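Everything quoted here is computed from the prediction, not taken from an experiment. The chain is numbered in sequence order, starting from 1.
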Amino acid sequence: MGWMAARSIDRNDTALAVPQNICGPARPDNALMTRGSLCLDLSLDEARPSGDLLLLERTIEDSEGWPLVLRLRRHLGRGITLTLCQPGCELEHRIVADTAQSTESDAARLIYSWDSLLRWGRLALMTGSGGNIATVDISSPPPLRAQDAKTLLSVLPTTAEACGLRAVSLNSDIVPLTPLAGLIPQTKIATPDGEKSLGLLRRGDLVLTPEGDAVPVLYRLDRRAPAIGHDAPMRLRAPFFGLTGDLLLAPQQRLVISGTDVDYLFGRPDVRLTAEMLQGTAVAAPAKGELYSRPGGPCPLIELTQLILPRHQRFIAAGTAVESLYLGRLRRKRGAYEASALAHLDRNMIPEHAMDPAPLLRSFDAAVLAERRIA
């Protein structure tokens, strides 16, 4: 799988547009992309307006005989419509976030994948950390020209950011929906035999929960993705929240915090928060580029890893409790399972998870808790 280009429109991101190898001697402007994936990181906050997330309109006058309309439009609520129009081809498909289980989060990842030679396409939308996936099959999607792909990423609609678009990337292959959570592989994980790097853990290895129980690792899920949007790494500084060393993780990775101040403020023995909620406090900061696979390249990549545990237990990373990957009842939904990064696993061997009982804080409450710990 090859990441060809990526673009972030987060206000704090300095690398706004980084196209790579879309057009050039090996791939001229009129070259066809018969297979690929457009990946969008979104915020599905229902208070956001409706409007275009991506838009390409090419008339017959400026298309050299090949007009095209490709539009991804956000609607009020949690719905998104894909429109594709070419001579002899008019497609419109709407996808709505799966709300059968509470997602507790507005973060979402949308992937439009197509294989024109196989006359197959798919629109897939993930909300939450990885267990809620909605899919829509698409019949006979048209290919894109290389120049079209470049235009999609370089010329965004004026409504894109207001409608919740955080990042968009392009891959030359069919990309599965990857979780929004993750830690870098070098993270130290507590085990009965001492600390081990997350990237060295294997199926059957034991990890420690905050309660002191040893639970087996069912699977370790590794991925490499552009370091933007929901995969832009963050650094949580030690010694806050019990950290024994700085923790580098994805913004949507959830931590579990306990203590007397938690009980006093929230009336619960423990609460959950995402790393992103700590932005703007002294606890968190963006991670530096030395973590990236291509630190000086036009499309820097980050490696992220998560563990699948039998009952969605928490485990200890760098001295603090974090959530393992939440799957819900993903294995019962064949379309969602096949669109996910777990599709290579035996569906009958994937566990079903209940949601962590600790409440997920609002961003304001998480910042208050962080400032109280700093003081």
Review point. Is a donor on one side and an acceptor on the other found under 3.5 Å between the side chain of His230 and the backbone of Ala108?
Key: yes
Check your understanding: Of His312, Arg254, Arg314, which is the lone residue that meets side chain to side chain donor-acceptor pair (under 3.5 Å) with Asp356?
Key -> Arg314
Practice item. Could you list the residues that satisfy salt bridge (Lys or Arg N to Asp or Glu O under 4.0 Å) with Asp213, not counting sequence neighbours? Key: none
**Study point:** Lys150/Leu170 under side-chain contact (heavy atoms from CB on, under 4.5 Å): CA gap, chis, key distance, verdict
**Key:** CA-CA 9 Å; Lys150 182 177 180 180; Leu170 177 69; over 6 Å; no
Check your understanding: Hey, quick one: are Ile316 and Phe240 part of the same hydrophobic cluster, counting side-chain heavy atoms closer than 4.5 Å, chains of contacts allowed?
Key -> no
Review point. How about Val215 and Val207: do any of their side-chain heavy atoms sit closer than 4.5 Å?
Key: yes
Check your understanding: Counting N and O atoms only, with roles assigned by atom type, does the side chain of Gln253 sit under 3.5 Å from a partner on the main chain of Gly182, one being a donor and the other an acceptor?
Key -> yes
Check your understanding: Are Arg331 and Met349 side-chain neighbours, meaning at least one heavy-atom pair lies under 4.5 Å?
Key -> no
Review point. Short question: side chain of Asp270, backbone of Ile257 - any donor-acceptor pair under 3.5 Å?
Key: no
Exercise for review: Might you point out which heavy atoms bring Ile308 and Pro351 nearest each other, and give the distance in Å?
Suggested key: CG2-CG, 4.0 Å
**Study point:** Distance (rounded to the nearest 0.5 Å) between Thr151 OG1 and Leu54 CG
**Key:** 11.5 Å
Exercise for review: Verify, without hydrogens or angle tests, whether Arg48 (side chain) and Ala162 (backbone) share a donor-acceptor contact under 3.5 angstrom.
Suggested key: yes
Check your understanding: Considering only heavy atoms from C-beta outward, does the side chain of Asp41 approach that of Arg109 to under 4.5 Å?
Key -> yes
Check your understanding: Under the salt bridge (Lys or Arg N to Asp or Glu O under 4.0 Å) test, which residues partner Arg73, sequence neighbours left out?
Key -> Asp52
Point to revise | Trace of the side-chain contact (heavy atoms from CB on, under 4.5 Å) decision for Ile350 with Leu327 | key: CA-CA 9 Å; Ile350 297 175; Leu327 300 181; 3.5 Å; yes
**Study point:** Co-members of Phe364 in a cluster of I, L, V, M, F, W and Y side chains, linked at under 4.5 Å
**Key:** Val368
Review point. Would a 4.5 Å heavy-atom cut-off, applied to side chains only, mark Thr305 and Leu201 as touching?
Key: no
Point to revise | Minimum heavy-atom distance Pro226-Ser169, with the two atoms named | key: CG-CB, 4.0 Å
Check your understanding: Got a donor-acceptor contact below 3.5 angstrom from the Glu90 side chain to the Thr83 backbone?
Key -> no
Review point. Applying the side chain to side chain contact (heavy atoms under 4.5 Å, CB included) test to Leu38, which of Val175, Leu123, Leu153, Leu110 qualifies?
Key: Leu153
Show the atom names and distances, to 0.1 Å, of all donor-acceptor pairs under 3.5 Å that link a side chain in residues 190-200 to residues at least two apart or in another chain.
residue	atom	partner	partner atom	Å
Thr191	OG1	Asp193	N	3.2
Thr191	OG1	Gly194	N	3.4
Thr191	OG1	Gly194	O	2.4
Ser197	OG	Lys188	NZ	3.1

Exercise for review: Output yes when Asp205 and Arg202 qualify as a salt bridge under the 4.0 Å nitrogen-oxygen rule, no when they do not.
Suggested key: no
Check your understanding: Taking all atoms of both residues into account, what is the closest heavy-atom pair of Ile111 and Ser113, and its distance?
Key -> CG2-OG, 3.4 Å
Only pairs under 3.5 Å count here: list side-chain donor-acceptor contacts from residues 135-142, not counting sequence neighbours, and write none if there are none.
residue	atom	partner	partner atom	Å
Ser140	OG	Arg119	NE	3.3
Ser140	OG	Arg119	NH2	3.0

Point to revise | Salt bridge flag under 4.0 Å for residues Glu338 and Arg347 | key: no
Review point. Looking only at heavy atoms, which two atoms of Leu180 and Ala250 are closest? And how far apart?
Key: O-CB, 3.6 Å
Practice item. Kindly indicate whether the side chain of Leu144, heavy atoms from C-beta on, has any atom under 4.5 Å from the side chain of Trp114. Key: yes
Practice item. Evaluate the side-chain proximity of Glu211 to Gln313: yes if any heavy-atom separation is below 4.5 Å, no if none is. Key: no
Under 3.5 Å, which donor-acceptor pairs do the side chains of residues 261-268 form with other protein atoms, sequence neighbours left out?
residue	atom	partner	partner atom	Å
Asp261	OD1	Arg373	NH2	3.1
Asp261	OD2	Arg373	NE	2.5
Arg268	NH2	Pro357	O	3.3

Review point. Do Arg78 and Glu46 come close enough that some side-chain heavy atom pair is under 4.5 Å?
Key: yes
Point to revise | Heavy-atom side-chain proximity of Ile133 to Leu125 below 4.5 angstrom | key: no
Review point. Ion pair present between Asp246 and Arg237, side-chain N to carboxylate O less than 4.0 angstrom?
Key: no
